[in-house]
Undergrad: 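Would you mind keeping the following structure in view while I ask a few things?
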Protein chains: 2
Amino acid sequence: MQVTIKDVAREANVAPSTVSRVIANSPRISQKTKERVRQAMEELGYYPNVHARSLANRTTQAIGLVMPSAATKTLQNPFFSEVIRGISTKAHQNGYSLYMTTGVSEEEVYEGVVSMVQGRRVDGVVVLYSRTDDKVVQFLQDSKFPFVVVGKPFSDSSHVTYVDTDNYLAGREVTKYLHQLGHECIAFVGGSQDLAVTQERVGGYKTALMEEGLPINESYIVSAPFMTTGGADAVKRLMSLEHPPTAVVVSDDMMALGVMSTLNEMEISVPDQMAVVSFNNLFIAEFSSPPLTSVEINIFGLGFEATNCLIEQMNEEATPYGKRVIVPHYLVVRQSCGGTAK
Amino acid sequence: MQVTIKDVAREANVAPSTVSRVIANSPRISQKTKERVRQAMEELGYYPNVHARSLANRTTQAIGLVMPSAATKTLQNPFFSEVIRGISTKAHQNGYSLYMTTGVSEEEVYEGVVSMVQGRRVDGVVVLYSRTDDKVVQFLQDSKFPFVVVGKPFSDSSHVTYVDTDNYLAGREVTKYLHQLGHECIAFVGGSQDLAVTQERVGGYKTALMEEGLPINESYIVSAPFMTTGGADAVKRLMSLEHPPTAVVVSDDMMALGVMSTLNEMEISVPDQMAVVSFNNLFIAEFSSPPLTSVEINIFGLGFEATNCLIEQMNEEATPYGKRVIVPHYLVVRQSCGGTAK
DNA sequence: TATTTTCGTGCAAACGATTGCATTAACGAT
DNA sequence: ATCGTTAATGCAATCGTTTGCACGAAAATA
């Protein structure tokens with residue numbers, strides 16, 4: 001049997017309410033009593049039942065995580081481990097723990113979110129992806145439940161709090177970087193087009209081309225669902241063009257690996273015949289051959305900041321408008337683009 | 001305000017207890033009433049409060065996850081995403097959700113586990129790592145709380161349920177495989193020595209050498225904490241030996257990437273001058289250059305099976321002895337060991 | 001028709017905390 | 001000696017469910 005607050009009360013010769021106040025460290029309890037009670041708790045090995053507490057309290061000290069559906073292999077991207085590490089670090093610091101449901105289909109994850117919100121299982125939610133036209137975000141917004149999204153939400157983004165990288169800027173920067181290295185024919189290989197991040201990065205890419213006075217060649221822009229083909233199709237398509245590019249911006253390290261692997265098969269050497277730059281600076285970027293030049297976006301920080309915002313939001317009564325946090329990024333130059341700037 | 005069971009009861013003109021029985025789909029309630037109640041629930045948008053339910057029920061429908069401390073970068077290994085995907089799939093199928101605490105230090109994760117167990121926040125726990133002499137496993141065992149570990153627990157493993165790969169066998173097999181390819185000087189590069197998995201794999205490696213009549217050369221066996229050096233030291237050490245190996249068994253794909261990257265820097269070509277084989281068959285194995293020959297250990301399956309065992313264990317009153325599940329593995333031949341067997 | 005079963009539902013007591021309000025004792029101040 | 005004040009603690013209601021037991025009505029049996 002579990003040892004309850006009553007047991008402690010009896011042991012310490014006080015009322016349960018007193019024990020409760022000792023737990024909350026209320027100033028209304030004398031020091032002497034506090035010590036007596038604490039000792040009793042210690043002796044009996046008392047731990048408060050979280051459900052009783054949540055029920056009385058109307059608070060759970062838990063944060064819900066919404067992940068993309070388990071079916072999509074997106075989850076295999078180390079991005080998620082890292083962002084979760086950030087979330088859980090901040091959460092832990094503030095005494096929150098993490099709670100996750102998943103589902104195979106999109107509908108299932110939606111149902112999971114609804115029941116964890118309505119069932120009051122968590123105090124707030126962080127949404128780990130952003131897709132166009134998402135029911136989950138809509139729901140959270142409608143129910144006025146505290147939440148923040150990692151990445152840029154599409155709909156009504158002015159009213160939702162989110163933390164993101166300036167992907168547009170980053171896209172612009174890497175493209176310019178390639179131009180500075182002397183490349184004129186620069187392609188873009190991205191993931192699914194309905195991810196905000198892809199759109200932003202490609203947007204920055206195009207802007208940079210324009211700003212640098214380079215033509216925008218639509219056949220240089222390909223997108224491929226990474227996990228199925230590994231970007232192999234994309235590369236083959238690009239290389240079969242009349243004027244193949246000499247450099248490529250890849251929207252994700254994982255995909256860049258696939259791209260380089262395909263190039264390798266085709267005996268196109270990186271960086272000599274093809275420069276590759278990508279984003280996220282996952283730890284594998286360091287260990288690929290050649291090591292990847294990639295944009296460090298501080299994934300851990302994204303998670304950490306998001307949680308920070310969420311906690312703020314949960315503590316304030318009125319959350320008026322969405323807050324927007326941009327986590328800074330910077331380019332980490334390794335070897336996939338060749339030497340230093342010309 | 002939340003809509004409670006009483007609201008539904010009032011709306012449907014029944015007692016709260018009846019509503020409760022409808023939720024549980026008790027056969028004692030007539031079909032007609034059930035429908036009336038269900039409609040009321042629908043109309044009011046009722047969702048049961050999980051804490052009230054857990055409190056009355058003494059059950060939480062949640063499974064706790066114990067991860068290595070967040071400080072160690074171990075977490076970045078895609079292994080975890082994948083095993084969690086397996087866990088969460090099975091969990092979801094059975095109506096369980098996932099709950100995780102983390103901590104920076106080992107002591108913190110221990111405290112997290114204790115309070116989630118004693119606080120009755122979860123019905124069972126899956127432990128995602130196994131280290132020598134671990135307090136967490138000891139605690140769970142002492143409190144007779146349902147748990148299963150992924151990987152082989154050290155202490156008293158006959159009494160704890162675990163699911164694992166036959167790492168010993170796998171280590172043996174890959175070593176023999178290399179020998180079959182004609183290699184006589186085979187090295188082993190592993191991660192931290194106090195991980196069960198490292199010990200097992202190296203054990204299999206040694207056995208294979210013996211069985212094949214090859215000498216065991218202790219200087220061929222190096223272990224390196226991956227995340228700091230990426231195995232670079234290990235490679236350099238090996239290559240500076242009087243008789244450097246011609247093949248190497250690496251205990252993890254991540255590390256193999258680091259090894260290959262270092263070899264690449266040293267202009268030692270894989271597989272021509274050095275064959276590399278590793279374990280886990282992470283998706284990056286497919287996209288490295290050259291693609292890695294690796295042992296597929298079905299990480300998803302490990303998580304899935306573990307959860308399966310856990311659920312079994314939670315449903316039975318008496319869990320007598322530890323159960324042991326071995327998930328099968330097989331070698332996936334790619335290019336890091338050169339052509340096919342001689 | 002009387003008596004026993006069966007069926008469907010309601011009552012009220014848990015589950016283990018929190019918290020507003022009441023109570024008591026001690027202590028100065030008048 | 002009496003009367004506020006304050007400090008420390010206890011009482012009891014509450015949070016939203018579940019569930020054992022009781023109860024009445026209908027159906028089955030004699």
Side-chain angles (χ1 to χ4, degrees), chain A residues 1-41 44-62 95 115-123, chain B residues 1-41 44-62 95 115-123:
Chain A
M1 248 323 73
Q2 213 191 143
V3 16
T4 77
I5 204 172
K6 287 183 193 167
D7 301 321
V8 176
R10 198 176 314 119
E11 177 81 11
N13 240 305
V14 294
S17 50
T18 302
V19 177
S20 172
R21 285 189 250 267
V22 171
I23 296 171
N25 201 16
S26 154
R28 292 173 44 193
I29 303 295
S30 72
Q31 205 53 42
K32 225 169 46 196
T33 311
K34 277 187 185 171
E35 272 168 25
R36 194 149 38 91
V37 171
R38 291 218 176 93
Q39 188 181 336
M41 300 199 313
L44 300 179
Y46 169 74
Y47 277 82
N49 180 308
V50 286
H51 297 111
R53 179 188 277 233
S54 294
L55 189 56
N57 238 357
R58 331 187 109 254
T59 204
T60 68
Q61 294 297 101
S115 80
M116 89 184 171
V117 167
Q118 303 282 28
R120 294 286 181 271
R121 212 192 264 265
V122 298
D123 295 338
Chain B
M1 247 324 70
Q2 214 191 140
V3 17
T4 77
I5 206 172
K6 287 183 192 167
D7 301 322
V8 176
R10 198 176 313 119
E11 177 81 12
N13 241 306
V14 294
S17 49
T18 303
V19 178
S20 173
R21 286 189 249 266
V22 171
I23 295 171
N25 201 15
S26 155
R28 291 174 44 193
I29 303 294
S30 72
Q31 206 53 41
K32 226 168 45 194
T33 311
K34 278 186 184 171
E35 272 168 26
R36 195 148 39 90
V37 171
R38 292 218 176 93
Q39 188 181 338
M41 302 200 311
L44 299 178
Y46 169 76
Y47 277 83
N49 180 307
V50 285
H51 298 111
R53 178 188 279 234
S54 294
L55 189 55
N57 239 355
R58 331 187 108 254
T59 201
T60 68
Q61 294 298 102
S115 80
M116 88 185 173
V117 167
Q118 303 281 29
R120 293 287 181 269
R121 212 193 265 266
V122 297
D123 295 338

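So you know, we letter chains A, B, ... as the sequences are listed, proteins then strands, and number each from 1. Bear in mind the structure is a predicted one, so any value in this text is a computation, not a measurement.
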Undergrad: Is A:Thr33 near enough to D:dT9 that one of its side-chain N or O atoms lies under 4.0 angstrom from OP1 or OP2?
TA: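 Affirmative; the distance criterion is met.
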Undergrad: Regarding D:dG16, can its base be found pairing with the side chain of A:Arg58 as donor and acceptor, where the two atoms are less than 3.5 Å apart?
TA: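 Donor-acceptor pair under 3.5 Å: no.
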Undergrad: Which residue is it: B:Val14, B:Val22, B:Val19? I am looking for the one with a side-chain contact (heavy atoms from CB on, under 4.5 Å) to B:Ile29.
TA: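 Going through the options one by one, the only one that passes is B:Val22.
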Undergrad: Which whole-number value in Å describes the distance from B:Arg120 CZ to C:dC15 C1'?
TA: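 Whole-Å distance recorded here is 13 Å.
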Undergrad: Verify, without hydrogens or angle tests, whether B:Thr60 (side chain) and B:Asp123 (backbone) share a donor-acceptor contact under 3.5 angstrom.
TA: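 Yes; at least one donor-acceptor contact below 3.5 Å.
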Undergrad: Pick base, sugar-phosphate or nothing for B:Ser20, based on heavy-atom distances below 4.0 Å to the nucleic acid.
TA: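 Contact class for B:Ser20: base.
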Undergrad: Mark yes or no for whether B:Ser54, through its side chain, and B:Thr59, through its backbone, hold a donor-acceptor pair below 3.5 Å.
TA: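 Here the side-chain-to-backbone pair exists.
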Undergrad: Working to the nearest 0.5 Å, report the span between CZ of B:Arg121 and CG of A:Asn49.
TA: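 It comes to 10.0 Å.
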Undergrad: How many whole angstroms separate atom CD1 of B:Ile29 from atom P of D:dT18?
TA: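 Distance check: B:Ile29 CD1 to D:dT18 P gives 12 Å.
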Undergrad: From CD of A:Gln61 over to P of C:dT18, roughly how many Å is that when rounded to an integer?
TA: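 Distance check: A:Gln61 CD to C:dT18 P gives 12 Å.
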Undergrad: Take atom CD1 of B:Ile5 and atom C1' of C:dC11, then tell me their distance rounded to the nearest Å.
TA: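 Taking CD1 of B:Ile5 and C1' of C:dC11, I get 14 Å after rounding.
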Undergrad: Can you confirm whether B:Lys34 sits close enough to B:Gln31 that some side-chain heavy atom of one is under 4.5 Å from a side-chain heavy atom of the other?
TA: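 The answer is yes, as the side chains (C-beta and beyond) meet within the 4.5 Å cut-off.
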Undergrad: Can you measure A:Lys6 atom NZ to C:dT18 atom P for me and round it to whole angstrom units?
TA: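 Value for this atom pair: 13 Å.
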Undergrad: For D:dG16, does either OP1 or OP2 sit under 4.0 Å from a side-chain N or O belonging to B:Asn57?
TA: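 So the side-chain polar atoms of B:Asn57 never come under 4.0 Å of the phosphate oxygens OP1 or OP2 of D:dG16.
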Undergrad: When you measure only distances, ignoring hydrogens and angles, does the side chain of B:Arg36 come within 3.5 Å of the base of C:dG8 through a donor and an acceptor?
TA: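 Checked by distance alone, the answer is no.
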Undergrad: Quick one, B:Val8 and B:Val37 - any side-chain contact, counting heavy atoms below 4.5 Å?
TA: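 Contact flag for B:Val8/B:Val37 side chains = yes.
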Undergrad: Could you check whether the side chain of B:Arg121 and the base of C:dG16 have a donor-acceptor pair of N or O atoms closer than 3.5 Å, going by distance alone?
TA: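 Result: no qualifying N/O pair found.
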Undergrad: Using atom CG of A:Asn13 as one end and atom C1' of D:dG10 as the other, report the distance to the nearest whole Å.
TA: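 Atom CG in A:Asn13 sits about 13 Å away from atom C1' in D:dG10.
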Undergrad: More 5' along DNA chain D: B:Pro16 or A:Gln31, using each one's nearest nucleotide?
TA: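 The residue whose closest nucleotide sits nearer the 5' end is A:Gln31.
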Undergrad: Any N or O donor-acceptor pair under 3.5 Å from the base of C:dC11 to the side chain of B:Ser17?
TA: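 Indeed there is one.
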Undergrad: Students often get this wrong, so: under 4.0 angstrom with heavy atoms, is B:Val14 touching a base, only sugar-phosphate, or nothing?
TA: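 It contacts sugar-phosphate atoms only.
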Undergrad: Quick one: B:Lys32 NZ to C:dG8 C1', roughly how many Å, whole number?
TA: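 In whole Å, C:dG8 C1' lies 11 Å from B:Lys32 NZ.
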Undergrad: Take the protein atom CZ of A:Arg28 and the nucleotide atom C1' of D:dC11, then report the distance between them rounded to whole Å.
TA: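 Between C1' of D:dC11 and CZ of A:Arg28: 13 Å.
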Undergrad: Could you check which residues of residues 45-56 of chain A get a heavy atom under 4.0 Å from DNA chain D? Sort them by number, please.
TA: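 Output list: A:Leu55, A:Ala56.
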Undergrad: Do A:Gln61 and A:Val50 touch side chain to side chain, with heavy atoms closer than 4.5 Å?
TA: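 No, too far: nothing below the 4.5 Å cut-off.
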Undergrad: What I want to check is whether an N or O donor and acceptor connect the side chain of A:Arg21 with the base of D:dG10 at under 3.5 Å.
TA: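 Yes.
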Undergrad: Is the side chain of A:Arg120 donor-acceptor paired with the backbone N or O of A:Val117 at a distance under 3.5 Å, no angle test?
TA: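 Checking the backbone N and O of A:Val117 against the side chain of A:Arg120, a donor-acceptor pair under 3.5 Å is found.
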